[in-house]
Amino acid sequence: MNAMENIQHKSPVLTGYQENIAAAGEDIPAEGSSKAVTDMVVLEELSFAYDGQHADIHDISLAIGKGEWVTLVGANGCGKSTLIRLMNGLLRTSYGRIYIGGIRLEPGTLGEIRQKVGMVFQNPDNQFIGATVEEDMAFGMEGRCLDAGEMRNRISGYASRLGISDLLHRHPQELSGGQKQRAAIAAILAMEPELIIFDEASSMLDEKARRDWLDLLLEMHNEARYTLLSITHDAEEIAASQRVLVMHQGGLAADLAPQELFRDVGLLRLCRMEPPFRIRFALELEKRGMMPAQQGMTDGSPNPGSEVKRIWPFSWSM
Amino acid sequence: MREKLLIGRLIDTGSPVHRLDPRAKMTAMLLYAVMVMAARSWPALLCLTAFSVLIMILTRIPLRMYLKATRPLRVLMLFILIVQCLAVKGGSVLVAAGSWHLDSAGLAAGVYAVMRMGLLVSFTAMLTFTTSPGQLNQALEGMLRPFERAGIPAERLSLMTGIALRFIPAILDEAQTIMKAQASRGADLKELPWKGKARMLTALLVPVTVGAFRRAEDLTASMESRGYRIGAPRTRYRPLVWGQGETWFVGAFVLMCLVVIWIGFN
């Protein structure tokens, strides 16, 4: 499948959503309808221009189901960050509609939408508001007018879950890159959002921290409590997700499974990326007639298995 | 400097002073500062010193830490002492060398000034040793709140101060990185003459300012995405509670003020 064919490709989720809407004879999803509940994000004919004239995002329609783990990929400057900023109202759409958890994004619903969406940005240094990790975790909850007892419970609960209980009284500047990202996620999780968006959140991490990060994402996904949308250039992270949205020049170039992306040389070139080593290796083996096991290509299953399977996922005999 | 700003100056000993509402400590500090400036006699200054030492002991922080707090100002204190000795004339002549003579009034004025500065710096260190920057900021907001009707935006001021406190170390770090980058390209600030240093400062300020704006933009996005809205109601993770202890603490300072004033009139 080449890049152009992929442009025509629609995800099963989106197709199902559109069919439902057509059957109901509605223009917009009714709040509380079955589809509005199963889709966490729905974008309809979304366009946006920073200067009001030249579209930076044009005509994007897609749907992301609740509990899905989706990665958003594309070359630098293709509009990925712009698209996610539109999703929680940091930027205002020029044309089209956005629904988060069945609620249409408009000025009146901005507060409600932001309660559902948590965002973790690329540079954790610039997203800490509190002078300590604890204060930073409390910041979002204070805005939601939670009482102090509830805040304390959530802070200790999420800090221990993310392994940062010892860091609660530290200044953000005293933390390592991996610790900072964990603290940033803890601050978002404490607000208990339904959709978590990561804007290249793993790009500043070293190899070890990146592996921990991936494990954390898998853990969050397995909980089935969050819908994850992650902008990333990390092939391992893409491979681990369930679905990939490829952006090119402000449009949606493809919506497909990770293994399909890694087989599509045209799309990979469009994203300026290479598949992870194990997948390249698997493809080379395949070329030579040694068929890798299916799980070698699709690591995005909810339970990817042991580390051995992750590193050496092939069943072949010499 | 960076390390000091980074971790704040809080020395947590868990003393009763540490647990006090920061508004009480700030009010007490204001009263103390006024009295230090108003004290015009040795007995008044001695009374203030005794009171300071008592409170410092209550914080369970070693007294040498308070002395250490005055160390960065030792040159300034020496300078003030010398200027006062040279400038103020009167009383008996203590030392004479040719046309120059040190008078008792000059020496007294110098020692007064140095003592005042020492007391003020060491005692105000008590506030930062026993209170985290976040609490101090919260106290500032609490104390400004009554003036909101006069148009002083207490919450915004406190948020601005909090963010400034949070970002000072980060911006200092960035300035240091830029200086190193410039030095690696042959423009080492340390090796330049004063005129060159001044010129280089512009080359440093521009990228640091641009960086600060970039940080501000990211921070705004982070705050907005966490639902922050100016003027929207918020609860507090650590609500300020004014209890009996706070009233006694401020009461002790009021008593100290009365004693110092009484000494001044006698």
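We name chains A, B, ... by the order of the sequence lines, and we start the count at 1 in each one. Below, all heavy atoms of this structure are taken into account, side chains as well, without hydrogens, waters or symmetry copies.
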Turns out that what part of A:D125 lies under 4.5 Å from chain B's heavy atoms comes down to both
Can you tell me if B:R236 has over 12 outside heavy atoms packed within less than 6.0 Å of its CZ? yes
Tell me, yes or no, whether the heavy-atom count around B:E148 atom CD, taken from other residues, nucleotides or ligands under 6.0 Å, exceeds 12. yes
Would you mind reporting whether B:S222 and A:F128 have side-chain heavy atoms less than 4.5 Å apart? no
Can you confirm whether B:Q244 is buried at CD, in the sense that more than 12 heavy atoms of other residues, nucleotides or ligands lie under 6.0 Å from that atom? no
Proximal component of B:P239, with respect to chain A [non-hydrogen, under 4.5 Å]: side chain
Below 4.5 Å, heavy atoms only, C-beta onward: do A:Q127 and B:D218 meet side chain to side chain? no
Given the options A:N126, A:I113, A:I129, which has more heavy-atom pairs under 4.5 Å with chain B than any of the others? A:N126
Using the side-chain hydrogen bond (donor to acceptor under 3.5 Å, both in side chains) rule, collect all pairs that involve residues 56-76 of chain B, keeping only residues at least two apart or in two chains. B:T59-B:Y66
Which members of residues 134-157 of chain A, sorted by number, sit under 4.5 angstrom from chain B on a heavy-atom basis? A:E134, A:E135, A:D136, A:A138, A:F139, A:G140, A:M141, A:E142, A:G143, A:C145, A:L146, A:A148, A:M151, A:R152, A:I155
When rounded to the nearest 0.5 angstrom, what distance separates OH in B:Y228 from CZ in A:R114? 13.0 Å
What's the shortest heavy-atom distance between B:R238 and A:H169, and which atoms? NH2-CE1, 4.5 Å
Tell me, yes or no, whether the heavy-atom count around B:W242 atom CH2, taken from other residues, nucleotides or ligands under 6.0 Å, exceeds 12. yes
B:A221 portion near chain A, given a 4.5 angstrom heavy-atom threshold: both
Give a yes or no on this: more than 12 heavy atoms of other residues, nucleotides or ligands lie within 6.0 Å of atom CZ of B:F147. no
Where on A:P193 is there a heavy atom nearer than 4.5 Å to chain B: the side chain, the backbone, both, or neither? neither
One should read off an interatomic distance between A:I188 CD1 and B:S225 OG, to the nearest 0.5 angstrom, of 5.5 Å
When you look at A:M119 and B:R226, which way does the side-chain contact (heavy atoms from CB on, under 4.5 Å) test go after all the steps? CA-CA 8 Å; A:M119 283 186 85; B:R226 287 203 238 172; over 6 Å; no
Working for side-chain contact (heavy atoms from CB on, under 4.5 Å), residues A:N123 and B:R215: CA-CA 9 Å; A:N123 188 349; B:R215 278 175 197 279; 5.6 Å; no
Has A:R225 got more than 12 heavy atoms of other residues, nucleotides or ligands less than 6.0 Å from its CZ? yes
